[in-house]
Structures are given as C-alpha cells and as structure tokens.
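Protein chains get the first letters and strands the later ones, always in sequence-line order, with residue 1 at the start of each.
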Protein chains: 2
Amino acid sequence: MNNNSVFINKLRSSGLRPTKQRIKICKLLFDRKNTFHFTINHLNNILKNKYVEKISLATVYNTVHAFKKMGYLKEISINSDKSYYDTNVTNHHHFFDENKRELIDLDDKDVGKINIKKVLPGKKINSIEVLVKIANNN
Amino acid sequence: MNNNSVFINKLRSSGLRPTKQRIKICKLLFDRKNTFHFTINHLNNILKNKYVEKISLATVYNTVHAFKKMGYLKEISINSDKSYYDTNVTNHHHFFDENKRELIDLDDKDVGKINIKKVLPGKKINSIEVLVKIANNN
DNA sequence: GATGTAAATTATAATGATTCTAAACTAGAG
DNA sequence: CTCTAGTTTAGAATCATTATAATTTACATC
C-alpha cells in the first residue's frame, strides 16, 4: 500500500496540485497490483461508497481527463455510449466481453506483432489497438 | 447504377418493407463502388441535400439500426461521441485519421493475420478489430 | 502565520447523440 | 377495398459529457 506522498509527488511532478480529491482518486486508481478498467460512472460509484465526503462528478471527469492527458490513463476504443479507461498505459490489447460489457487485458504475447503494411503520405501512426469482441459460448 | 428493384428485393428478402425512405437510404448507401464510412449526422445531411421530401431523423436511426441488424452495415469501434458505420461488412480493419476524424479502410493484406493465443473458457470470439490511429506528420 | 491569486472544486445548466413515445400513415394480404 | 401490422414522424425524454460561474483551496510571497 502506497502512502499519499507517492501520489502527491506524482501529481506535483506533472504540474497538478495535490488536492484531496485527486489524491483519493490516485489511491483508488493506482494503488493496486492489477490493471483496472472503468467508466466514469463506475469510478464515481466506487468513490461514493468508499468516502463519506463526496467528490463532485465534474471533478471526477476533470481528474480523469487530466490523468489521461498526463499519460496515467488510457482511453480504450469501443463503440459504446460511455468511455472506458484503463490504468495500464503500456501497449496492449483487449477482449471486450459483450455480455458483461467489460474489458479484459490481452498481453502483447497473446496477440503477436501487428505489422501495418500500408503507409499514408503525411501521416504517422499514433497507436494500434486490437479489440477482440467475445461473448458467451452457447 | 442499380435500379430500385434490386433494393426492393433486398429489403423484402430480409423482412423489411420497401418504403420510399428505406429505398432512398439504400441507394445512397449501397449504390456505389467504394466502401462508405459515415455517422448518422453525416448520412442525414446527405439525405437532406439530395431529396426535397425530408426523411425524419428517427427514421434514419431506425433504418441504420435495421440494416446493421441485417448485416448490411457494420459499426466500427472508436471512442467517439458518435457512432461510425461502414458499408463494407467484410472482415477488414481501419485507419482512423484523428485530424479529419474519418475512417480509411485497411485491407486484410495490409494488416496480416491476427492470431489470438489466449482462450477464455465459455467464451467465443465474435470479431477482431484493429484500429490504427493516425495523425498529421509534423 | 497572514495575504493574494491562480488553480481547483462544485452544483447546476447546457449540449448533443441517441432512444422513446404515441399518433398518423402505408404496404400489402385477403 | 378494407384491415392490420409495420413504418414514419415530430417531439419529448434520457444519458453521458462539457460548460459555466461562483466558491473554495493550494501555496508562493510577504
């Protein structure tokens, strides 16, 4: 379990003031062993249950955006009415379980190298995302 | 240029009554050589310009949903505030141009075979989608 | 420690895509 | 022609997200 100073430093080093709201969200998102996939609504519910003092929904949005901008979170491409975020910002891919509507990590080794042969003049590749949609087998 | 009877048959054969709205939308979507990528808003604007008699936005939504359900359209996974559709329903992948916010087809041969090595018990793979985000090179 | 100010938080309103509703219309079977 | 289930429609409702503007807070400077 990290103590707050880790997150305070992390925030300060990216030019974000370490407010109590941000520290709580940091603890929730980053003080864990495994990758965490979430929507804003999901995150907001956890925060509501975990703390008495409420964090405004606007702040949750602001904070997630700030963390995404700083590269601490990654937004995953799914056609959904909501945005999905991932605390694992390394290059990796996902299963999307269409029944549970949740993401599951895929290691790079489970996918293999993706080699895009087409080149568009004047354009550079920013990211390559593989989404494998899965569903119950019956 | 296909004549309407092609689309009337196509609609009838999928249990959809060939209304004048659906026929117009069919002509716009499927009477073309190349793949067509669009959002509902985009499609609606084209319809407004092309025909005097207006088609209600609700009908455009209904029709696109019906065509998707019948497998005539494919929805593409992008994290966007809008949904993107593709008239090319074969297995293929996409570039997404983050400046123009538009899709560009990638042939299977431009991507190569994707082989997912991880298997989840009780789950089957429905689709594998590769999205390559690109941006201006400067 | 007090003070000033830019940054952050907040409740709430606004927006925009999508879905719902219920009334009016229409294709097509009989 | 008539009947009915399927469609279309305008507009309302919903839901995620973003904007707004007032209040609060972090923290640099005194």
Side-chain angles (χ1 to χ4, degrees), chain A residues 4-5 7-26 28 37-48 51-70 72-73 75-85 101-102, chain B residues 4-5 7-26 28 37-48 51-70 72-73 75-85 101-102:
Chain A
N4 291 353
S5 67
F7 300 122
I8 292 176
N9 291 336
K10 182 178 177 136
L11 288 165
R12 280 228 180 80
S13 72
S14 23
L16 297 170
R17 285 189 178 170
T19 63
K20 58 184 190 306
Q21 293 86 342
R22 284 174 176 162
I23 293 166
K24 282 177 184 167
I25 295 175
C26 272
L28 206 157
H37 300 113
F38 64 94
T39 62
I40 296 286
N41 186 256
H42 183 193
L43 176 58
N44 197 231
N45 287 335
I46 300 174
L47 289 165
K48 271 198 291 214
Y51 298 107
V52 223
E53 207 176 339
K54 81 167 283 199
I55 297 179
S56 153
L57 180 60
T59 300
V60 179
Y61 273 98
N62 290 342
T63 304
V64 167
H65 289 163
F67 288 0
K68 181 189 165 191
K69 194 170 173 187
M70 286 303 157
Y72 302 152
L73 291 173
E75 194 174 354
I76 308 302
S77 291
I78 307 177
N79 53 347
S80 167
D81 50 333
K82 323 181 209 319
S83 290
Y84 283 73
Y85 296 91
R101 298 199 68 72
E102 73 179 23
Chain B
N4 290 353
S5 66
F7 300 122
I8 292 176
N9 291 334
K10 180 175 177 139
L11 289 165
R12 281 228 180 81
S13 73
S14 24
L16 296 170
R17 286 188 179 171
T19 62
K20 59 185 190 305
Q21 293 86 342
R22 284 175 177 162
I23 293 167
K24 281 177 184 166
I25 295 175
C26 272
L28 206 157
H37 300 114
F38 64 94
T39 62
I40 296 287
N41 186 255
H42 183 194
L43 176 57
N44 196 231
N45 286 337
I46 299 174
L47 288 166
K48 271 198 291 212
Y51 298 107
V52 222
E53 206 176 340
K54 84 167 279 200
I55 297 179
S56 152
L57 180 59
T59 298
V60 179
Y61 272 99
N62 291 342
T63 303
V64 167
H65 288 163
F67 288 0
K68 182 190 166 191
K69 193 170 175 187
M70 287 300 157
Y72 302 151
L73 290 174
E75 195 174 354
I76 308 303
S77 292
I78 306 177
N79 54 348
S80 167
D81 50 332
K82 325 181 210 318
S83 291
Y84 283 74
Y85 296 91
R101 299 199 68 71
E102 73 178 23

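- R12(B) has no side-chain polar atom (N or O) that falls below the 4.0 Å cut-off from OP1 or OP2 of dA27(C).
- With dA11(C), dA27(C), dT18(C) as the candidates, the nucleotide lying closest to the side chain of K54(A) is dA11(C).
- One can place OH of Y61(A) at 5 Å from C1' of dA16(D), the figure rounded to the nearest angstrom.
- Checking dT19(C), dA16(D), dA8(C) against the side-chain heavy atoms of H65(B) singles out dT19(C) as nearest.
- Atom-to-atom, CG of N9(B) to C1' of dG28(C) comes out at 15 Å; the value is rounded to the nearest Å.
- Regarding contacts with the backbone of dT9(D), a side-chain N or O of T59(B) is found under 4.0 angstrom from either OP1 or OP2.
- Checked against dT17(D), dT7(D), dA17(C), the side chain of D81(B) finds its nearest nucleotide in dA17(C).
- Heavy atoms of N41(B) sit nowhere under 4.0 angstrom from any nucleic acid atom.
- Listed nucleotides: dT17(D), dT10(C), dT8(D). Nearest to the side chain of Q21(B): dT8(D).
- A donor-acceptor pair is defined here as one N or O able to donate and one able to accept, closer than 3.5 Å; such a pair exists between the side chain of S56(B) and the backbone of A58(B).
- For the pair R17(B) and dG28(C), the criterion of a side-chain N or O lying under 4.0 Å from OP1 or OP2 is not met.
- Positionally, the nearest nucleotide of DNA chain C for I40(B) lies more toward the 5' end than for the other of K20(B) and I40(B).
- Here S83(B) reaches the OP1 or OP2 of dT18(C): one of its side-chain N or O atoms lies under 4.0 Å away.
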